[in-house]
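The structure appears right after this line, and notes come after that.
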Amino acid sequence: MGICRCTIACATKDIMADDKKLTTRASDFSAWYNEVVLRAELADYSPVRGCMVIRPDGYGIWERMQRTLDDMFKATGHRNAYFPLFIPESFLHKEAQHVKGFAPETAVVTHGGGKKLEEPLVVRPTSETIIYAMFAKWVQSYRDLPLLINQWANVVRWEMRTRLFLRTLEFLWQEGHTAHATHDEAEEEARKILGLYRDFMEGWMAMPVVTGQKTEAEKFAGALRTYSCEAMMQDNKALQAGTSHNLGQNFAKAFDLKFQSESGDEEYAWNTSWGVSTRLVGGLVMTHGDDNGLRIPPLLAPTEVVIVPIWRKEEERSRVMEAADRVCRDISNWERRDPNALRVRVDTRENLKPGAKYYEWELRGVPIRMELGPRDLDANQGVLVRRDTRAKQSVSLDAIAEEIETVLETMQDDMLSAARDRREQNSHRGAVSYEQFKELMEGDGAFVYAGWCDGEKCEAQIKEETKATIRCLPDEEFRSAEAPSRCLLCNADATTEALWAKAY
RNA sequence: CGGGACGUGGCGCAGCCCGGUAGCGCACCUGAAUGGGGUUCAGGGGGUCGCGGGUUCAAAUCCCGCCGUCCCGACCA
């Protein structure tokens with residue numbers, strides 16, 4: 001609820017209006033986020049603590065993400081497979097760092113069919129162990145490599161604090177797992193996927209990311225190196241949107257994944273694993289949403305255009321409805337079932353005034369609203385309203401499909417630019433004193449690029465004192481023109497530049 | 001798991017301090033009118049007051065326990 005600044009005379013009216021309004025991002029970002037997710041019907045709470053139901057509008061976004069990513073994985077030679085939900089508990093213990101990282105947050109099945117199991121089964125928190133155990137059976141020779149597998153699955157991590165989409169006990173994701181003959185091939189794969197993720201996040205989600213490498217403290221449990229895509233949300237906190245790991249030979253050694261090389265030697269394979277999850281939907285909300293609700297970038301919007309018919313008299317009603325239906329069919333290529341055609345729907349509800357519909361579709365984030373009334377029909381036009389800018393334009397019905405395509409493309413680009421501008425405005429480079437850094441982190445938050453001595457003590461102490469962490473050691477294109485020379489905390493010579501921020 | 005707030009028709013809340021058997025707004029249903037930025041009027045349906053105990057003639061209200069949600073810490077895609 002917003003604050004009423006009205007006089008008593010209009011208090012009632014204002015409260016009514018407020019009842020329909022979202023908490024603003026500025027007043028309480030977390031509350032705003034929850035309200036958007038619930039009221040835009042992306043998800044709902046489940047009876048089980050920390051779990052959520054993904055509703056059709058939320059799942060529709062995920063489906064579009066899935067389809068796009070799946071195409072990208074296939075185009076780079078990966079194939080889908082499915083590995084089981086249950087993993088023998090002993091498997092998790094075979095890689096020392098891995099079990100250390102995941103054991104505390106696993107759900108374990110101890111009974112089945114009414115009997116106690118001989119060996120408890122872990123509900124997968126991630127599938128490295130079962131997958132590399134299977135890879136070991138399948139790989140004999142270098143000719144079997146590389147082995148490029150992806151799976152779409154659910155995983156369970158018993159988190160303490162949960163947030164819709166951002167951190168739930170169960171979530172949906174894809175996990176890619178590959179085996180290679182050499183370290184360099186694995187490294188190339190891990191980097192290739194990181195780039196693929198970035199292309200998806202920027203090109204489809206209109207969510208700019210900083211790519212880079214995780215520090216030892218932040219890397220995946222069991223990995224040699226972890227790379228990540230870090231996006232800035234509107235509260236200036238970082239969201240780790242995707243990770244790609246070079247696992248080295250750690251899992252190969254733990255699961256005896258060996259192959260005979262060209263020269264006849266027996267060698268351990270080199271692995272990578274990488275994933276993005278339904279967390280991306282949360283990232284989408286927090287990147288683009290505004291105080292009127294969700295804003296979905298056109299390429300991922302389950303509905304791109306909603307047509308709102310407008311009429312006064314009965315005669316107008318039939319005329320407008322008929323036209324709306326016709327336009328919908330024309331521009332959506334409905335009868336041809338063309339998957340690339342526009343995703344359009346007509347809001348035929350008769351119990352709501354047009355204005356109410358406008359608010360609702362804005363809340364739901366549909367990119368374009370098309371208002372179609374008698375005056376428009378007389379002029380053979382429709383009114384297009386962009387969700388991102390709320391700008392209106394009248395367009396001839398003869399050219400409406402083309403114009404919509406143009407507007408959608410423009411919106412997609414504009415949303416990425418706006419998100420990037422916002423990130424840059426809240427990013428700080430150059431010499432930042434630790435005092436300034438603390439002020440930034442205590443205040444509005446920020447991305448801060450600063451020098452780091454590579455010392456885990458400095459990293460830990462800064463985290464302790466400011467809650468900010470090194471999100472990544474940025475890839476070259478994100479590094480400052482002039483490399484920082486001093487460590488943010490200890491002032492010793494900096495060995496690298498680090499991106500600091502508070503994180504989700 | 002520690003600190004704080006909250007839990008009352010679908011949603012948002014009042015009632016609780018000072019026990020007496022539940023109310024408001026929105027939403028929903030019916031009818032009529034209305035319809036280019038949150039329609040109006042009339043009629044109507046819906047709640048064992050988070051769950052479980054206790055105190056009492058009587059509990060939404062007082063006491064104890066538990067569960068859940070949100071915020072803040074320790075853990076994390």
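Keep in mind that the numbers below use all heavy atoms, side chains included, and drop hydrogens, waters and symmetry copies. Here is the naming used below: chain letters follow the sequence lines, and residue numbers restart at 1 for every chain.
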Quiz prompt | Per A:Tyr45 side chain, nearest of listed nucleotides B:G36, B:A77, B:C70 | solution = B:C70
Quiz item: Out of B:G37, B:G36, B:A77, which has the shortest distance to the side chain of A:Pro354?
Solution: B:G36
Taking only residues two or more places apart in sequence, or in another chain, which ones meet [X] in a ring-ring contact (aromatic ring centres under 6.0 Å, His included)?
X: A:Phe102; value: A:His98, A:Phe220
X: A:Trp361; value: none
X: A:Tyr45; value: none
X: A:Trp158; value: none

Identify the pairs formed between an N or O of the protein and an N or O of nucleotides 27-34 of chain B at a distance under 3.5 Å, and give each distance.
none

Practice problem: Establish whether the base of B:G37 is bridged to the side chain of A:Glu360 by a donor-acceptor pair shorter than 3.5 Å. | Solution: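 It does not, because no donor-acceptor pair links the side chain of A:Glu360 to the base of B:G37 below 3.5 Å.
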Quiz item: If you take atom types as modelled and just measure distance, does the side chain of A:Arg39 reach the base of B:G12 with a donor-acceptor pair under 3.5 Å?
Solution: no
Quiz item: With sequence neighbours excluded, what pairs up with A:Glu435 under the side-chain hydrogen bond (donor to acceptor under 3.5 Å, both in side chains) test?
Solution: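 side-chain hydrogen bond (donor to acceptor under 3.5 Å, both in side chains) list for A:Glu435, sorted by chain: empty.
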Exercise. Keeping to residues at least two apart or across chains, list the salt bridge (Lys or Arg N to Asp or Glu O under 4.0 Å) pairs with something in residues 217-236 of chain A.
Key: A:Glu187-A:Arg225, A:Lys214-A:Glu230, A:Glu216-A:Lys219, A:Glu218-A:Arg471, A:Glu230-A:Arg471
Report all side-chain donor-acceptor pairs from residues 288-302 of chain A shorter than 3.5 Å, counting only partners two or more places apart or in another chain.
unit_1   : atom_1 : unit_2   : atom_2 : d
A:His288 : NE2    : A:Met205 : O      : 2.7
A:His288 : NE2    : A:Ala206 : O      : 3.1
A:Asp290 : OD1    : A:Asn292 : N      : 2.8
A:Asp290 : OD1    : A:Gly293 : N      : 3.2
A:Asp290 : OD1    : A:Arg387 : NH2    : 2.8
A:Asp290 : OD2    : A:Arg387 : NH1    : 3.0
A:Asp291 : OD1    : A:Arg25  : N      : 3.0
A:Asp291 : OD1    : A:Arg25  : NE     : 2.8
A:Arg295 : NE     : A:His288 : O      : 2.6
A:Arg295 : NH1    : A:Asp388 : O      : 3.0
A:Arg295 : NH2    : A:His288 : O      : 3.2

Quiz item: So A:Phe73 and A:Tyr197, would you call those rings parallel, tilted or perpendicular, with 30° and 60° as cut-offs?
Solution: perpendicular
Exercise. List for me each residue that meets salt bridge (Lys or Arg N to Asp or Glu O under 4.0 Å) alongside A:Glu175, sequence neighbours excluded, and say none if there are none.
Key: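 With sequence neighbours excluded, A:Glu175 shows a salt bridge (Lys or Arg N to Asp or Glu O under 4.0 Å) to no residue whatsoever.
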Exercise. Assign each of A:Glu314 and A:Thr243 to its nearest nucleotide of RNA chain B by heavy atoms, then name whichever residue's nucleotide is nearer the 5' end.
Key: A:Glu314
Quiz item: Can you tell me if the side-chain N/O atoms of A:Tyr358 get under 4.0 Å from OP1 or OP2 in B:G36?
Solution: no
Quiz item: Among all residues two or more places apart in sequence or in another chain, which pass the side-chain contact (heavy atoms from CB on, under 4.5 Å) test with A:Ile310?
Solution: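 Listed in chain order: A:Pro354, A:Tyr358, A:Glu371.
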Exercise. Using Watson-Crick or G-U wobble geometry with both distances below 3.5 Å, tell me the partner of B:G45, or none.
Key: none
Quiz item: For B:G20, what is the paired nucleotide under Watson-Crick or G-U wobble rules, both distances under 3.5 Å?
Solution: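 Checking every strand shown, B:G20 finds its partner in B:C57, with both distances under 3.5 Å.
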Each nucleotide N or O in nucleotides 3-7 of chain B that has a protein N or O under 3.5 Å away: list the pair and distance.
none

Quiz item: Heavy atoms, side chains only, cut-off 4.5 Å: are A:Thr243 and A:Gln240 in contact?
Solution: yes
Short N/O separations, protein against nucleotides 71-74 of chain B, under 3.5 angstrom:
unit_1 : atom_1 : unit_2   : atom_2 : d
B:C71  : OP1    : A:Ser30  : OG     : 3.3
B:C72  : OP2    : A:Arg161 : NH2    : 3.0
B:A74  : OP1    : A:Lys467 : NZ     : 3.2

